[in-house]
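This report refers to the structure that appears directly beneath it.
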Number of protein chains: 2
Amino acid sequence: MTTRWLTSDEQRAWRAYMAATLLLEDTLDRQLQQDAGMPHLYYSILANLSEAPQRRLRMTDLAERSKITRSRLTYAVARLEKDGLVRREQCPSDRRGSVAALTDEGVAVLERTAPGHVETVRASLFDRLSPEQVGQLEEICARIAGGLVGGAQDGGGPEDVPWKRRSTPCP
Amino acid sequence: MTTRWLTSDEQRAWRAYMAATLLLEDTLDRQLQQDAGMPHLYYSILANLSEAPQRRLRMTDLAERSKITRSRLTYAVARLEKDGLVRREQCPSDRRGSVAALTDEGVAVLERTAPGHVETVRASLFDRLSPEQVGQLEEICARIAGGLVGGAQDGGGPEDVPWKRRSTPCP
DNA sequence: CGATCTTGGTTCAAGTTTGAAGCAAACCTA
DNA sequence: TAGGTTTGCTTCAAACTTGAACCAAGATCG
């Protein structure tokens, strides 16, 4: 079948999308490298951890929430552990598993750097969009994310399947 | 001054944004690595080149259009040159400069792989959005990109300053 | 002109990411 | 309960990225 090329509307949107995502990620990386000594992704790993009950999460859970591969997470956590921001613990209920736990120092770093980070996100994004646009952005991104498999490529549908999902860190 | 944290609307939008961009970039990287043997960014460098007059561009121009640093581009072009998809030429008008030129083989690779790539972009993005959403996405992304400095961080405003800008590859 | 500044691009070293391969514990299943 | 499969996570080697340092050629200016 002959290719359905992008319409010119779609092309413009696609170019804008690529530019925006590249530039924004770059901005955030620079800001956080500057102020927190880590790339954006690492910061968001810490942030994810900080929201979990007990501030700890199984590696695979954390990878899934962070939308990255387990391998990538392993290296990231190793670095954060070396910096004392995260501690790896044995999972008591599954001897294969390990749990990443945010340390007090990790919490402190987060508390210290969060304001500057939020400020950057505001300045680059939210302060430049109308409230309607914020809503549209969420809707659009949710739609995109919903269509793409996350973490392990088990090929599940868009809807969550609770019974295939790990729950609390270590019950 | 006390931090203006994100509202819950903004938080939802921000989470969705991070998920969507990470997952989409991952999808495209995987698809293109598979089908073209290169990451998405490298493909887009080739695409940018293919649209330039003469299919050639000064390195700094190309970096600017690709929204990446000159350093990153240097390495990328080195790799693409090793693969025979791009050729580096001396810039005749400025002996410091070099020009990246898409080779015939580069064109061929692009022609061979573009359909699959467009298909992936469609499947992940455009076929999941309404036409209005495509318009909104463009508007939003243009707004974001417009607010962020590109390439060299010379701190210019959002508006283009034509007299600071290189033009044709080598006049 | 000659000293200095700027620009275009590369290089270096360190850090990050990737995908495949590896390993051990847990989970079947006969 | 032994054998095979799956799951959870790490490790390996190769690729990619980063930001600072570097170098040479243009531009400026006294």
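Any value given below was found using the heavy atoms of this structure, including those in side chains, with hydrogens, waters and symmetry copies removed. To find a chain, count down the sequence lines: A is the first, B the second, and so on, and within it residues start at 1.
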Pairs: protein N or O with nucleotides 18-23 of chain C N or O, under 3.5 Å:
unit_1: dG19(C); atom_1: O6; unit_2: Ser71(A); atom_2: OG; d: 3.0

_Test ring-ring contact (aromatic ring centres under 6.0 Å, His included) applied to His117(B) - qualifying residues, sequence neighbours left out_ = His40(B), Tyr43(B)

_Quiz question: by atom type and distance under 3.5 Å, do the side chains of Ser66(B) and Asn48(B) form a donor-acceptor pair?_
yes

*asked:* What is the distance, to the nearest angstrom, from the CD atom on Glu25(B) to the P atom on dC16(D)?
replied: 14 Å

*Could you give the NZ-to-C1' distance, from Lys67(B) to dT18(D), as a whole number of Å?*
20 Å

*Can you check the Leu62(A) CG to dT10(D) P distance for me, whole Å?*
11 Å

*Determine whether the side chains of Glu132(A) and Ser130(A) contain a donor N or O and an acceptor N or O closer than 3.5 Å.*
yes

*Taking only Lys NZ, Arg NE, NH1 and NH2, and the carboxylate oxygens of Asp or Glu, determine whether Arg4(A) and Asp127(B) approach each other closer than 4.0 Å.*
yes

*Under a 4.0 Å N-O cut-off, is there an ion pair linking Glu81(B) with Arg87(B)?*
no

_Is the phosphate of dG26(D) approached by Arg95(B) (side-chain N or O, under 4.0 Å from OP1 or OP2)?_
yes

*Counting just side-chain N and O atoms, does Ser98(A) come under 4.0 Å of either OP1 or OP2 of dG8(D)?*
no

_How many whole angstroms separate atom CD1 of Ile45(B) from atom C1' of dT17(D)?_
12 Å

*asked:* When you measure from the side chain of Arg12(A) to the backbone of Glu139(B), do you find a donor-acceptor pair of N or O atoms at a distance under 3.5 Å?
replied: no

*Rounded to the nearest Å, what distance is computed from the CG atom of residue Leu41(B) to the C1' atom of nucleotide dT17(C)?*
14 Å

_Atom-to-atom span, CE of Met59(B) to P of dT7(C) - whole angstrom_ = 19 Å

_By nearest heavy atom, map Thr74(A) and Arg96(A) onto DNA chain D; which one lands nearer the 5' end?_
Arg96(A)

*Starting at the 5' end of DNA chain C and moving along, which residue's nearest nucleotide shows up first, Gly97(B) or Tyr42(A)?*
Gly97(B)

*Send over the distance from Arg58(A) CZ to dA25(C) P, rounded to a whole Å.*
14 Å

*With distance as the sole criterion, is a donor-acceptor pair present between the side chains of Arg30(A) and Gln34(A) under 3.5 Å?*
no

*Would you say dT7(D) has OP1 or OP2 under 4.0 Å from some side-chain N or O of Arg70(A)?*
no

*For Asp94(A) and dT7(D), what is the distance between atoms CG and C1' respectively, to the nearest whole Å?*
8 Å

